[in-house]
Amino acid sequence: MGSIPAQAADNVIRYYPSGSIYTYRWALLKLALDHVEKLDHRHYALVPLKDNVTQWRAEQLLSSGKVDVVAFAPNAQREKLLQPVRMDILKGIIGYRVFFVRKEDAARIAGMNAQQFRSSVRLGLNSQWADYPIMKNNGYDMLASIGYESLFEMLAAGRFDALPRGLNEVGSEMQEQLPRYPGLTLEKTKAIYFPFPVYFWVSKENTALAKRVLQGLKLAERDGSFKALFLRHHAEAIQLLATNGWQTTQISNTELPPGNVKPDTSWWWKRR
């Protein structure tokens, strides 16, 4: 990450993670900050952390002041170490999980019922991600790994059978990852849903920033710009859901600490 002039440091917000699947999160943070800027005329510039670090390392960097904001799901460790801006920024859409599989396995998996899928299909996930213990605790056969792009490589090599991804993530991944792994495809019949809010987090000491972000999110929600941004960024995902009509198994989020409200999915999922 490039150095920041000392005189400008107070007005720079360094964030993590970055990349195409996270674009919406930081567009929303900018929207929130812009709303508060209209009131007090204090401008903040958003700068991504360029380093490729683990979520655990990002939490350390946040606690030490080298990163200002992260956007993660809550778990017990984060609740202890960090300060959440307790408004779900993704409205639960990332908790709707669909699967990349090998093309040769697609017909076999499509023929399974939900219980057969749970017991017979091995899923691969980064062991540091909050969804890994959720799926493991719900009885899914899990292979633990570290990293992100390596998961696609491992799936293609047959190390596991299916890679669960959030409904909001698969659009960009079909464009960016599948051309590199032509033997993979998006499975069209099975999905899992669990309540999985995502928050902005700041350090325990940075209460002023937490208040600023929460104020901006509430203002954006009130004037409709939050919802408009969400729908614009997730139009493809919402269309995928409408087109595929996955058989959806709802499971519990065993890692959701007390005091966290389950997401309101009504912006994107019209449940029957």
Side-chain angles (χ1 to χ4, degrees), residues 17 19 21-22 54-56 72-77 90 92-178 180-198 237 240-241 244-256 262-263 265 269:
I21 63 174
Y22 304 112
T54 64
Q55 290 190 6
W56 179 78
F72 292 147
N75 58 31
Q77 174 180 293
L90 281 165
I93 196 168
I94 195 172
Y96 194 98
R97 297 303 169 97
V98 293
F99 301 91
F100 288 116
V101 301
R102 291 181 295 279
K103 290 177 179 178
E104 64 200 60
D105 293 333
R108 176 176 64 88
I109 291 173
M112 295 179 178
N113 61 33
Q115 184 53 45
Q116 289 169 333
F117 182 83
R118 190 186 307 235
S119 61
S120 303
V121 174
R122 171 166 282 192
L123 309 180
L125 271 181
N126 186 317
S127 60
Q128 292 193 4
W129 293 349
D131 45 354
Y132 176 84
I134 295 170
M135 294 187 188
K136 187 175 180 63
N137 292 340
N138 275 275
Y140 289 90
D141 182 11
M142 306 297 299
L143 177 69
S145 181
I146 296 294
Y148 164 64
E149 292 189 3
S150 60
L151 288 166
F152 292 88
E153 182 179 353
M154 293 170 68
L155 174 61
R159 296 283 303 281
F160 53 86
D161 304 308
L163 173 58
R165 302 300 296 149
L167 180 62
N168 60 309
E169 298 169 326
V170 295
S172 62
E173 289 173 338
M174 283 191 290
Q175 295 176 6
E176 296 172 11
Q177 299 294 338
L178 293 196
R180 300 171 57 201
Y181 302 100
L184 303 183
T185 188
L186 181 65
E187 204 282 324
K188 300 297 178 63
T189 68
K190 303 290 188 298
I192 296 171
Y193 175 77
F194 48 88
F196 198 67
V198 172
L240 270 177
L241 180 59
N244 287 294
W246 285 281
Q247 303 161 16
T248 307
T249 300
Q250 299 194 41
I251 63 176
S252 61
N253 183 342
T254 58
E255 302 300 296
L256 191 62
K262 292 182 179 180
T265 62
W269 191 13

Can you name the residues that form a salt bridge (charged side-chain N to carboxylate O under 4.0 Å, His left out) with Arg165, not counting sequence neighbours?
Glu169, Glu173

Distance, nearest 0.5 Å, that separates CG of Leu123 from CG of Leu163
9.0 Å

Closest approach of Ile146 and Ser150, non-hydrogen atoms and distance?
O-OG, 3.3 Å

Report the distance from atom OG of Ser127 to atom CG of Leu125, rounding to the nearest 0.5 Å.
9.5 Å

If you round to the nearest 0.5 Å, how far is CG of Asn244 from CG of Leu186?
6.5 Å

Let's go through Glu255 and Asn137 carefully: what are the C-alpha distance in whole Å and the side-chain angles of both, what is the deciding distance for side-chain hydrogen bond (donor to acceptor under 3.5 Å, both in side chains) to 0.1 Å, and is it a yes or a no?
CA-CA 9 Å; Glu255 302 300 296; Asn137 292 340; 3.3 Å; yes

SB check Arg122 Asp161 (cutoff 4.0 Å):
no

Does the side chain of Thr189 come under 3.5 Å of the side chain of Glu187 through a donor N or O and an acceptor N or O?
yes

Just by modelled atom types, is the Ala110 backbone N or O under 3.5 Å from a matching donor or acceptor in the Lys188 side chain?
no

Quick one: CH2 on Trp246 to NZ on Lys190, what's the gap to the nearest 0.5 Å?
12.5 Å

Between Asn113 and Gln247: side-chain donor-acceptor atoms closer than 3.5 Å:
no

How are the rings of Tyr96 and Trp269 set to each other: parallel, tilted or perpendicular (split at 30° and 60°)?
perpendicular

My understanding is that only residues two or more places apart in sequence, or in another chain, count here; which of them pass salt bridge (charged side-chain N to carboxylate O under 4.0 Å, His left out) with Asp105?
Arg102, Arg108

Got a salt bridge between Arg159 and Glu153, using NZ or NE/NH1/NH2 to carboxylate O under 4.0 Å?
no

Could you note down all residue pairs passing ring pair (Phe, Tyr, Trp, His ring centres under 6.0 Å) where residues 105-135 supplies at least one of them, sequence neighbours left out?
Phe99-Phe117

Kindly give the heavy-atom pair with the smallest separation between Ala237 and Leu167, and that separation in Å.
CB-O, 3.4 Å

